[in-house]
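Everything on this sheet refers to the single structure shown next.
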Amino acid sequence: MDKNFPISGFSSLAIHGGHVQDPNYAHLTPIYAASTYVFDTAEQGMRRFSGQEEGYIYSRWGNPTMTEAEDKIAAMETFGLDFEVKGILHASGMAAISTLFLANLKQGDKVLSHFSLYGGTQEILNRLLPETGVQSTIVDLRDLNKAEEALQQDPAIKMLYLETPANPTIQCVDIEELTKLAKKYGKIVACDNTFATPYLQQPFKFGVDFVVHSTTKFLNGHGTIIGGILLGRNIEFMKTHATKIHRLLGGNSNSFDAFLLVNGMKTLEVRMERHCNNAMAVAHFLQSHDAVAKVNYNGLPEHPDHLVALKQMRHPGAMMSIELKDGLVAGVKMMNKLKLCTRTVSLGTCDTLLCHPASMTHAGVPKEQREKYGITDGLIRMSIGMENVQDILADLDQALR
Ligand SMILES: *Cc1c(COP(=O)(O)O)cnc(C)c1O
């Protein structure tokens, strides 16, 4: 693609964005399988190390396959916006989140966040960061007054950390309003955009400083990798301090995963359109099903965060959860009867995935605490896939009977 071509559509960008012509004219950027990069001269080596000359040095620091993935995601997260961001590809979503926290927080700082977060993030906040002297304050961020109260009263809060939509009740928080509040008190704002992807939601549009993704999910889209990315609006900070922390922690990605990610992302728009259309049909179907007590899907007007989702997302996404009338027993029975859909954790693959948080991802969380977060015994979480929707409905229907 000519760099000056005025791309007007998301898919065009997802397909061409970040691509650089390979020096050997390979159509796709190859899987660069080399640990190190050679210098023509000792002087060139010095220039590369000092940053006077751009060029690859060592694959923990990056290579052409990883750069393409970073630049493509950065382009998608700022599509239609008038500024750029820089991305650093990581080994996993957790590695990206670790770099985010360790590059921004020091002893005595606090993180303000919501109670509904990815389990790993929750554990970093509850167990790991406190050992480095970083505490977290958890409030219901859907209540803007409570959020402001915390920001106003506690000067130790350095970062507001958002995840929206969030596991497993698909709660959404208002990125724009919360970012405004955080900025009023001079805080850093970061947002986990994994469930939405940049096609559905662009947190940078609302003024956040950092976006993180588990690229393992919808971005890759095929369940073939583990990966993550940290993107930042302050390019200088990303190129210096964040890059330093990333390199020292060693949570780098690799060329094979980067290659699968780049190619998976080319179909992001078409995949998300199909995922979301199917999800809406499944939500309506389950809502009127006799065995189902409740459907948590932010595309339904009954969902408490429906309006927030409408405001900041192109479509409500493909994640939902349901509560069965007969609790745990019904949940286990339904999971065992599935014939097409897949019993597994994770999300964002071509096939429809179901898991039972109470007996799987959250089995270690005490029941009382679980239920406070909406994870009841009969809750089933679903990542709606791209199968023909009548087949998804038929499988769910026979499994619920
Ligand atoms: C999966 C996930 C993560 C962690 O990503 P990994 O790639 O598994 O390390 C973080 N946040 C959200 C919302 C996720 O779904």
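Atoms within each ligand, like the ligands themselves, are counted from 1 in listed order.
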Give the atoms of ligand 1, by number and element, whose distance to some non-hydrogen atom of T216 is under 4.0 Å.
7 (O)
Ligand 1 atoms in contact with G227 (distance to a heavy atom under 4.0 Å)
7 (O)
Which of the atoms in ligand 1, numbered in the order shown and given with their element, are less than 4.0 Å from a heavy-atom of D192?
10 (C), 11 (N), 12 (C), 13 (C)
Test of proximity, F195 against ligand 1: N or O pairs below 3.5 Å
no
Ignoring hydrogens and angles, state whether a donor on the side chain of D109 or Q135 is under 3.5 Å from an acceptor on the partner side chain.
no
Rounded to the nearest 0.5 Å, how far does CG of L89 lie from CD of E68?
11.5 Å
Check: M94 N/O within less than 3.5 Å of ligand 1 N/O:
yes
In the protein, which heavy atom is nearest to atom 4 (C) of ligand 1, and how far is it?
Y118 CE2, 3.4 Å
Answer with yes or no after comparing the ring centroid distance for Y161 and F101 against a 6.0 Å cut-off, counting only values under it.
yes
So, does A166 sit close enough to ligand 1 that a heavy atom of it is under 4.0 Å from the ligand?
no
Between Y118 and F195, is the ring centre distance below 6.0 Å?
no
Aromatic ring proximity H303/Y297, centre distance under 6.0 Å
no
Looking only at protein heavy atoms, which one is nearest to atom 6 (P) of ligand 1, and what is the separation?
G93 N, 3.4 Å
Cation over ring face, R233 and F204, 6.0 Å, 45°
no
Pair Q201-T197, side chain to side chain contact (heavy atoms under 4.5 Å, CB included): steps then yes or no:
CA-CA 6 Å; Q201 175 173 284; T197 81; over 6 Å; no
The closest protein heavy-atom partner of atom 15 (O) of ligand 1 is K217 NZ, 2.8 Å
Give the numbers and elements of all ligand 1 atoms closer than 4.0 Å to a heavy atom of E163.
13 (C)
